[in-house]
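Heads up, the thing below is written out as structure tokens.
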Amino acid sequence: MCNMVQSSSNQSSSKPEVKGDLKYDSKVIQKIVGIALSDIKGLLTVNGGFFSNIADKIVNSDDVTSGVNVEVGKKQVAVDIEIVAEYGVDITKLYDQIKEKIQEKVKEMTGLDTVEVNVTVVDIKTKEQHEKDSVSLQDRITGAANDTKDKISDQKDKAQDKVEEKKKESKESRVK
């Protein structure tokens, strides 16, 4: 006996609606904002506040959320950041670029509308000042350790050379 399956053309082909909510943790929006700001010319850093800056001085940190505060609703986002701008840059144009980039990336990735972007300029530095100030204690310790390693290696090589010289001298004196 053969089983046949008949399909009825009058059945509804639409799928039942699946219900649920899509929510974004504030950390996700902070990361989107932090990464979006990473390539804006004239923006040296987003300032994470005193304790964050102290932590960055001790250990290298690539935390793009540092200094980015957000409020996330069901359809909208508000962003507050503190920045260090590069000396000589038109800060009003920098502010416009920041707003545009945040709005674009948040909308593109989440569909949420950015309704507010508040930027506080907490410092202005030259690129050279910023790079000098960005060297962490970890970088300094690593540099000192590498210098020490190089000096020890040099001393070891000198000692080995002296040992080889002494061996040659002692062989010559034995064979007289």
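Since the model is a prediction, treat every value here as computed from it, not as a measurement. Only heavy atoms go into these numbers, but all of them, side chains included; no hydrogens, no water, no symmetry mates.
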Are [Y] and [X] linked, directly or through intermediate hydrophobic residues, by side-chain heavy-atom contacts shorter than 4.5 Å (ILVMFWY only)?
| X | Y | answer |
| --- | --- | --- |
| V121 | I40 | yes |
| V46 | V28 | yes |
| I29 | V119 | yes |

message = Determine whether V79 and E116 satisfy the following criterion, side-chain contact (heavy atoms from CB on, under 4.5 Å), listing intermediate values before the conclusion.
response = CA-CA 6 Å; V79 179; E116 195 174 293; over 6 Å; no
ask   = Per the side chain to side chain contact (heavy atoms under 4.5 Å, CB included) rule, which among V77, L112, V106 passes with Y24?
value = L112
query = Are any of the side-chain nitrogens in D113 or K75 under 4.0 Å away from the carboxylate oxygens of its partner?
reply = no
Q160 side, atom CD; Q155 side, atom CD - distance, nearest 0.5 Å = 12.0 Å
request  = Mind checking the NZ-CE spacing from K105 to M109? Nearest 0.5 Å is all I need.
outcome  = 7.5 Å
Listed partners of D80 passing side chain to side chain donor-acceptor pair (under 3.5 Å), at least two apart = N118
With distance as the sole test, does [X] use its side chain to make a donor-acceptor pair with the main-chain N or O of [Y] at under 3.5 Å?
| X | Y | value |
| --- | --- | --- |
| Q30 | V68 | yes |
| D25 | K27 | yes |
| Q129 | T126 | yes |

ask   = Looking at K101 and A36, what are the two nearest heavy atoms and their distance?
value = CG-O, 3.4 Å
Under 3.5 Å donor-acceptor pairs involving side-chain atoms of residues 83-97, not counting sequence neighbours:
from: D90; atom 1: OD1; to: T92; atom 2: N; distance (Å): 3.1
from: D90; atom 1: OD1; to: T92; atom 2: OG1; distance (Å): 2.6
from: D90; atom 1: OD1; to: K93; atom 2: N; distance (Å): 3.3
from: Y95; atom 1: OH; to: V117; atom 2: O; distance (Å): 3.0

request  = May I ask you to check whether over 12 heavy atoms, not counting those of E100, lie within 6.0 Å of atom CD?
outcome  = no
query = Tell me, do I81 and L37 make a side-chain contact under 4.5 Å, heavy atoms counted?
reply = yes
